[in-house]
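Here the structure comes first, spelled out in structure tokens, and everything after it is commentary.
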Amino acid sequence: MKFWFIFSLILVHEALQNVLSQPAAKGKRPKEPGENKIKPAIKKVKPKITKLKESPETLAKVQSIMTQVMDKGRFQKPPAMLSMRAGQSMELRCKGEKISWSYPAYLDTYRDSRLSIKQHDRYGQLILMNASVADTGDFACWAQNCDSHGCRKDESKSGSTYVFFTDKGEIFVPSSSYFQIVYLHPDKPAVIPCRVTVPSAKVTLHREFPAEELKVDGTNIIYDVKKGFVYQHPHSNHSGVVYCRAEARGVRQISIKYQLLYVEVPSGPPSATITASSNKVRSGGDFSVFCNVLGEPDVEVEFTWIYPGQEYGRPVGIQDSWRLVNRGIGHTTRISKSIISVEDFETIDAGYYICKAQNLRGQTTLATRVDRG
């Protein structure tokens with residue numbers, strides 16, 4: 001028994017010697033009680049910023065090719081709206097080998113010699129000399145892509161600027177008349193074009209009778225400094241005479257008057273009817289065929305006739321006319337009429353008389369037959 005006790009002590013002693021003889025881990029210290037608990041690690045992470053790349057299509061859409069030539073050979077990209085004094089000259093350039101331009105219709109109407117447009121090797125040039133308040137409006141350019149089939153507008157390369165030519169005594173852009181008709185269509189907005197030359201001018205809209213200022217609520221009626229007052233949803237109640245009043249820099253002015261006429265005829269090809277004074281005509285008799293169109297007041301109608309004696313050079317009389325008709329409660333329509341008259345009826349005059357009525361929205365063809373009675 002004593003032997004086994006001594007043997008056990010020897011084994012314990014050798015085990016302790018082995019443990020003590022092993023080198024301690026580098027940089028480690030003996031752990032204190034409770035240090036075996038896991039501590040949360042706090043790691044600093046640099047935030048990653050993702051940059052959105054603009055596609056070529058996006059860049060193309062915002063590409064402006066217009067520049068304005070300033071004093072001493074300087075250039076600048078013109079802003080969306082630009083103010084200049086009346087009497088100044090303006091030069092715009094647009095980069096491209098073939099450039100087209102648009103500008104206020106006033107300059108085209110009178111073939112104004114103050115306007116010069118030239119195409120150079122690498123850019124198009126527009127020069128307006130001695131500008132007046134009447135020149136206020138939108139100036140735009142665009143590049144043309146041309147091939148063997150012709151030229152087409154390049155939507156990705158364009159530029160525009162709306163220019164206000166200001167004069168101390170003129171707030172409204174002048175009109176060629178003192179009274180203007182504005183047609184109110186139920187299916188599209190109507191514009192009261194009282195445009196101003198001073199973008200900061202305070203403009204109000206007024207009805208002549210009953211005398212009152214009309215509320216511009218931003219929904220039914222809005223004001224656009226480039227256009228004037230816009231009726232978003234025209235109604236027959238809006239019919240009547242209106243005018244605009246503006247105030248800027250201590251000056252007050254009243255615009256011309258606008259007669260608002262409501263249109264009750266829907267947009268589309270001509271709504272036509274055809275009738276003959278008589279469908280049975282005796283030899284040597286006279287007759288007429290009437291082609292009538294009821295349409296929008298501001299839409300012109302063109303008439304074309306096909307008749308039996310046409311190929312033989314038969315002389316006939318053709319008379320076209322139109323008039324505006326007030327159909328009550330401010331409703332106005334345009335009646336267009338074409339009359340073909342034949343005198344001294346002959347055998348070659350018998351047959352179908354065909355009327356073709358055409359407007360910008362389409363064509364209507366009608367026929368009626370005239371025979372010998």
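Predicted, not measured: the structure shown is a model, and the values here were computed from it.
Under a hydrophobic clustering in which Ile, Leu, Val, Met, Phe, Trp and Tyr are joined whenever their side-chain heavy atoms come within less than 4.5 Å, directly or via other members, Tyr353 and Val293 fall into different clusters. Both Ile340 and Val281 belong to a single network of hydrophobic side chains, linked directly or stepwise wherever heavy atoms of I, L, V, M, F, W or Y lie under 4.5 Å apart. Hydrophobic cluster membership is shared by Leu214 and Phe172, with clusters built from Ile, Leu, Val, Met, Phe, Trp and Tyr side chains linked at under 4.5 angstrom. Note on Phe139: it clusters hydrophobically with Ile117, by side-chain heavy-atom contacts below 4.5 Å among ILVMFWY residues. Residues Trp305 and Ile354 do not share a hydrophobic cluster, clusters being chains of Ile/Leu/Val/Met/Phe/Trp/Tyr side chains in contact below 4.5 Å.
Two residues are said to be in side-chain contact when any heavy atoms from C-beta on lie closer than 4.5 Å; Leu126 and Leu115 meet this criterion. Inter-residue side-chain proximity for Met81 and Val225 is flagged as met; some heavy-atom pair is nearer than 4.5 Å. Contact annotation: the side chain of Pro174 approaches that of Val133 to within less than 4.5 Å [non-hydrogen atoms, C-beta and beyond]. Counting heavy atoms from C-beta outward, Ile171 and Arg249 have side chains that stay 4.5 Å or more apart. Residues Val196 and Gln253 fail the side-chain proximity criterion, which asks for heavy atoms closer than 4.5 Å. The closest side-chain heavy-atom distance from Tyr312 to Glu346 is not below 4.5 Å. Looking at Leu107 and Leu128, their side chains come closer than 4.5 Å, going by heavy atoms from C-beta outward.
Using a 4.0 Å cut-off between a side-chain N of Lys or Arg and a carboxylate O of Asp or Glu, Arg207 and Glu212 qualify as a salt bridge. Between Asp349 and Arg372 no salt bridge is recorded (no basic side-chain N to carboxylate O distance below 4.0 Å).
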Name the atoms and distances for all side-chain donor-acceptor pairs under 3.5 Å in residues 84-91, with sequence neighbours left out.
residue: Gln88; atom: OE1; partner: Arg85; partner atom: N; Å: 2.9
residue: Ser89; atom: OG; partner: Asn130; partner atom: N; Å: 3.3
residue: Glu91; atom: OE2; partner: Arg93; partner atom: NE; Å: 2.9
residue: Glu91; atom: OE2; partner: Arg93; partner atom: NH2; Å: 3.1
residue: Glu91; atom: OE2; partner: Gln125; partner atom: NE2; Å: 2.8

Show the atom names and distances, to 0.1 Å, of all donor-acceptor pairs under 3.5 Å that link a side chain in residues 94-102 to residues at least two apart or in another chain.
residue: Ser100; atom: OG; partner: Gln144; partner atom: NE2; Å: 3.0

Enumerate, atom names and distances included, each donor-acceptor pair closer than 3.5 Å involving a side-chain atom of residues 254-261, sequence neighbours excluded.
residue: Ser255; atom: OG; partner: Cys244; partner atom: N; Å: 2.8
residue: Ser255; atom: OG; partner: Cys244; partner atom: O; Å: 3.4
residue: Lys257; atom: NZ; partner: Glu208; partner atom: OE2; Å: 2.4

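Scored by the side-chain hydrogen bond (donor to acceptor under 3.5 Å, both in side chains) test, Asn220 finds Asp217 as partners (sequence neighbours excluded). Under the ring pair (Phe, Tyr, Trp, His ring centres under 6.0 Å) criterion, Phe229 pairs with Tyr223, not counting sequence neighbours.
The two residues Ser239 and Tyr262 have their closest heavy-atom pair at OG-CB, 3.5 Å. Here the closest non-hydrogen pair linking Asp138 and Pro104 is O-CD, 3.5 Å. Scanning both residues, Asn359 and Glu300, for their nearest heavy atoms gives CB-O, 3.4 Å. The two residues Pro199 and Ser83 have their closest heavy-atom pair at CG-OG, 3.7 Å. Of all non-hydrogen atoms in Asp371 and Gly351, the two that sit nearest each other are OD1-N, 4.4 Å. The two residues Val182 and Ile192 have their closest heavy-atom pair at CG1-CD1, 4.2 Å.
Side-chain atoms of Asp154 do not come within 3.5 Å of backbone N or O of Trp142 as any donor-acceptor pair. No donor-acceptor pair under 3.5 Å is formed between the side chain of Arg252 and the backbone N or O of Glu247. Counting only distance, with no hydrogens or angles, the side chain of Arg361 and the backbone of Val299 share no donor-acceptor pair below 3.5 Å. Judged by distance alone, the side chain of Ser277 and the main-chain N or O of Ser288 form a donor-acceptor pair under 3.5 Å.
For Lys227, the NZ atom sits in a loose shell: 12 or fewer heavy atoms of surrounding residues, nucleotides or ligands are nearer than 6.0 Å. Within a 6.0 Å radius of CZ in Phe179, other residues, nucleotides and ligands contribute more than 12 heavy atoms. Residue Leu360 places its CG atom among 12 or fewer non-hydrogen atoms of other residues, nucleotides or ligands, all under 6.0 Å distant. Annotation: Glu343, atom CD; neighbour count of heavy atoms from other residues, nucleotides and ligands within 6.0 Å does not exceed 12. No more than 12 heavy atoms of other residues, nucleotides or ligands lie within 6.0 Å of NZ in Lys168, so this atom counts as exposed by the packing criterion. Around CD of Gln310, the count of heavy atoms belonging to other residues, nucleotides or ligands within 6.0 Å exceeds 12. The number of heavy atoms from other shown groups lying within 6.0 Å of OH (Tyr352) does not exceed 12.
Neither side chain, Thr197 nor Asp167, offers a donor N or O lying under 3.5 Å from an acceptor on the other. The closest side-chain donor-acceptor pair between Tyr183 and Arg334, if any, does not fall under 3.5 angstrom. In this structure, a donor-acceptor pair under 3.5 Å is present between the side chains of Gln68 and Gln76.
A parallel orientation is assigned to the rings of His206 and Tyr243, their planes being inclined by less than 30° (bins at 30° and 60°).
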Q.
Pair Gln358, Thr304 - check side chain to side chain contact (heavy atoms under 4.5 Å, CB included), show working.
A. CA-CA 8 Å; Gln358 183 170 355; Thr304 305; over 6 Å; no
Q.
Applying side chain to side chain contact (heavy atoms under 4.5 Å, CB included) to Leu205 and Tyr231, what does each step give before you reach the verdict?
A. CA-CA 11 Å; Leu205 181 64; Tyr231 285 76; 3.7 Å; yes
Q: Using the side chain to side chain contact (heavy atoms under 4.5 Å, CB included) rule, take Tyr106 and Asp135 through it: C-alpha gap first, then chi angles, then the decisive distance, then the call.
A: CA-CA 7 Å; Tyr106 168 84; Asp135 301 325; 3.5 Å; yes
**Q.** Steps toward side chain to side chain contact (heavy atoms under 4.5 Å, CB included) verdict (Asp286, Phe345)
**A.** CA-CA 6 Å; Asp286 301 337; Phe345 182 86; over 6 Å; no
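Once rounded to the nearest 0.5 Å, the distance linking CG of Leu366 with OG1 of Thr273 reads 7.5 Å. Here the straight-line distance linking atom CG of Asp320 with atom OG of Ser338 works out to 3.5 Å at 0.5 Å rounding. Distance check: Thr365 OG1 to Ile274 CD1 gives 10.0 Å after rounding to the nearest 0.5 Å. Distance check, rounded to the nearest 0.5 Å: CG of Asn145 to SG of Cys151 gives 8.5 Å. Remark: Tyr123 OH to Lys118 NZ distance equals 9.5 Å, nearest 0.5 Å. A distance of 12.0 Å separates CG in Leu294 from NZ in Lys337, rounded to the nearest 0.5 Å.
Val191 forms part of a hydrophobic cluster together with Ile222, Val230, judged by ILVMFWY side-chain heavy-atom separations under 4.5 Å.
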